[in-house]
Number of protein chains: 2
Amino acid sequence: MAKIAFIGLGNMGGPMAANLLKAGHSVSVFDLNPTAVESLKAQGAGSGDTAQAIAADADFVVSMLPAGKHVRGLYLGTDTAKGLIEVVKAGCLLIDCSTIDAQSARAVAEAAAAKGLEFIDAPVSGGTAGAAAGTLTFICGGTDAAFEKARTVLANMGVNIFHAGGPGAGQVAKICNNMLLSVLMVGTSEALSLGIDHGLDPKVLSDIMKVSSGGNWTLEKYNPCPGVMDNVPSSKGYQGGFMVDLMVKDLGLSQEAALGSQSSTPMGALARSLYVSHARAGNGSRDFSSIFEHFAKGDKA
Amino acid sequence: MAKIAFIGLGNMGGPMAANLLKAGHSVSVFDLNPTAVESLKAQGAGSGDTAQAIAADADFVVSMLPAGKHVRGLYLGTDTAKGLIEVVKAGCLLIDCSTIDAQSARAVAEAAAAKGLEFIDAPVSGGTAGAAAGTLTFICGGTDAAFEKARTVLANMGVNIFHAGGPGAGQVAKICNNMLLSVLMVGTSEALSLGIDHGLDPKVLSDIMKVSSGGNWTLEKYNPCPGVMDNVPSSKGYQGGFMVDLMVKDLGLSQEAALGSQSSTPMGALARSLYVSHARAGNGSRDFSSIFEHFAKGDKA
């Protein structure tokens, strides 16, 4: 069992750290929110006054933070704190599970490599339910050796662990996937709405498209039309699941990436505009399948 | 075994009629192209000078025509010819397998009903390969009784036979599916291109998205990036498969339907614009997955 420093105990990080404890690791935690720290201490975690303090003798650092600037600050340092790459012991593997821009991930990986350290970008999907159940998906970027080592820890928090390529590739693959997911969700919502507007039963239409060439993850697992599937956000007032605000964040990252590489992503750009409008209409904390209401008759927007 | 009048022996209709003959039905055929008629006669079909002549004593009429105006002309009549609804015997079931606008399908169904006849709209998917192999998918609109009767004949030409709802519902479900398919294809193409532009291997990225929330039919069966899958059009110079011109036709029908019902389909509208541009750039007779080239570096457009 390893000594793990876990930094960032939000809705995702908290249950992820708890699963590392359950697996028998020696886990020390840090978060600016003392309540989150106390909750993990009650489950057996150690703690410290700073991220630097708990990272100093760790075998692994695992971080789960909101954005690229936080990740750069943590690993590369700020005006008031040393970066973890100056603090950790030789051989400590740095694993960042945040969803951030690929450029930040690559910058941290390069700075770590200059110190002889390995850094893995390992953004997750699966939401808070997956974090609690230990069934997350990790999409990793980094060297083969670092990936194999990271996998031993990630396997305690997730089920599917992918190696997308070198440093930053985990972030790129995740935003490609989530950009595509947003396109599937909007496309499915408008196709179902068009059918409903012409008198079709959305359940019958879903069943047909699911096994035809329109088949996709949203029809299979996450139908956006209320009443078609049980136990999905659309049948629970669009509560739970994956928030519109988080999809807006990921679509922003995808468009930043597209600008950086001068790539053309017209569907991704359109999906971002639709989700930004949907968030501004007051739906930011609802599940992202609520975009269906944007197309359905009786839309409150 | 039934007496069937088959009208429209194009790339799809020819092999479909041949499969009805193989199933043991008594099939008479009509097409304006004498070569197509001769080919079916060599396989055992009867023929006649007009569609009306072969339909007069048929138990079933099956038609496979290019557009709504041809279907309306055939069944409702023209300046120079009686409509089949005035010619066929009582109890003859009218099955139109063309992909046309739902309004035309409903108009023919209503006119048929006024004469005591049943009409089924049964557009297909599966392409010329599916037509030859007898593995087409039929998506039907019509009454329950007519659907059950039509199924006995359609099963000789296809594998999946869906009942989408009342008259016109088959056409609506098909254009909803194909609109969604176009969105999946474009969205997948731009997601893969974004990943490639950031150094990812398209095969690795495809494998990750396929089993994640970006999973969809195009990743599973029809990857648009050359070299990722064998035996798909993208690995054969985008030959074969489903032509861009046909996708443009279906997207036009979906946008006509959206105008008719005042539905909002921004992704479908964008997909139509992209496919129209792609066709105008000279790609009309290539497979629809060639839209990938619109996003990839080295695009010839």
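In the text below, chain A, chain B and the rest are named by the order of the sequence lines, each starting its count at 1.
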**Q** Looking only at heavy atoms and a cut-off of under 4.5 Å, which of B:Leu205, B:Leu270, B:Ile196, B:Asn178 has the most pairs with chain A?
**A**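 Most pairs with chain A among the choices: B:Leu270.
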**Q** Among A:Thr137, A:Ile208, A:Asn160, A:Asn177, which residue has the highest count of heavy-atom pairs closer than 4.5 Å to chain B?
**A**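 Counting heavy-atom pairs under 4.5 Å, the top option is A:Asn177.
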**Q** Is any side-chain heavy atom of B:Ser212 closer than 4.5 Å to a side-chain heavy atom of A:Trp217?
**A**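 No, every pair of side-chain atoms sits at 4.5 Å or beyond.
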**Q** Counting heavy atoms not belonging to A:Gln262, are there more than 12 under 6.0 Å from its CD?
**A**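 Result for CD/A:Gln262: open.
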**Q** With a 4.5 Å cut-off on heavy-atom pairs, point out which of A:Gly165, A:Ala173, A:Ala102 contacts chain B the most.
**A**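 The answer is A:Ala173.
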**Q** Which atoms form the tightest heavy-atom contact between A:Ala191 and B:Leu180, and what is the distance?
**A**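 That closest heavy-atom pairing would be CB-CB, 4.1 Å.
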**Q** Below 4.5 Å, heavy-atom pairs only: which of B:Gly215, B:Ser213, B:Ser264 has the largest tally toward chain A?
**A**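 That would be B:Ser213.
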**Q** In terms of heavy-atom pairs under 4.5 Å with chain B, which of A:Gly141, A:Ala257, A:Gly168, A:Ser254 leads?
**A**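 Of the options given, most contacts go to A:Ala257.
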**Q** So which of A:Cys176, A:Ser263, A:Gly166 has the biggest tally of heavy-atom pairs under 4.5 Å with chain B?
**A**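 The answer is A:Cys176.
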**Q** Against B:Asn216, only a single residue in A:Asn216, A:Thr218, A:Leu181 fulfils side chain to side chain contact (heavy atoms under 4.5 Å, CB included); can you say which?
**A**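 So, applying the side chain to side chain contact (heavy atoms under 4.5 Å, CB included) to B:Asn216 and each of A:Asn216, A:Thr218, A:Leu181, only A:Asn216 qualifies.
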**Q** Give a yes or no on this: more than 12 heavy atoms of other residues, nucleotides or ligands lie within 6.0 Å of atom CG of A:Asn11.
**A**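 12 or below, so no.
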**Q** Which region of A:Leu219, side chain (C-beta onward) or backbone (N, CA, C, O), has a non-hydrogen atom less than 4.5 Å from a non-hydrogen atom of chain B, or is it both or neither?
**A**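 A:Leu219 touches chain B through side-chain heavy atoms alone.
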**Q** Locate the shortest heavy-atom distance separating A:Gly195 from B:Val172; write the atom from each residue and the value.
**A**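 Heavy atoms only, the tightest pair is CA-CG1, 3.9 Å.
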**Q** As an exercise: rank B:His198, B:Met179, B:Met209, B:His163 by heavy-atom pairs under 4.5 Å with chain A and give me the winner.
**A**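 Of the candidates given, the most pairs with chain A belong to B:His198.
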**Q** Under 4.5 Å heavy-atom distance to chain B, tell me which part of A:Ala271 shows up: side chain, backbone, both or neither.
**A**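 Both backbone and side chain.
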**Q** Over all heavy atoms of both residues, which pair between B:Glu190 and A:Met267 is shortest? Give the atoms and the distance, please.
**A**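 In terms of heavy atoms, the two residues are closest at OE1-N, 2.8 Å.
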**Q** Most heavy-atom pairs under 4.5 angstrom with chain A, which of B:Leu200, B:Asp201, B:Thr188, B:Val204?
**A**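 Winner by heavy-atom pair count: B:Leu200.
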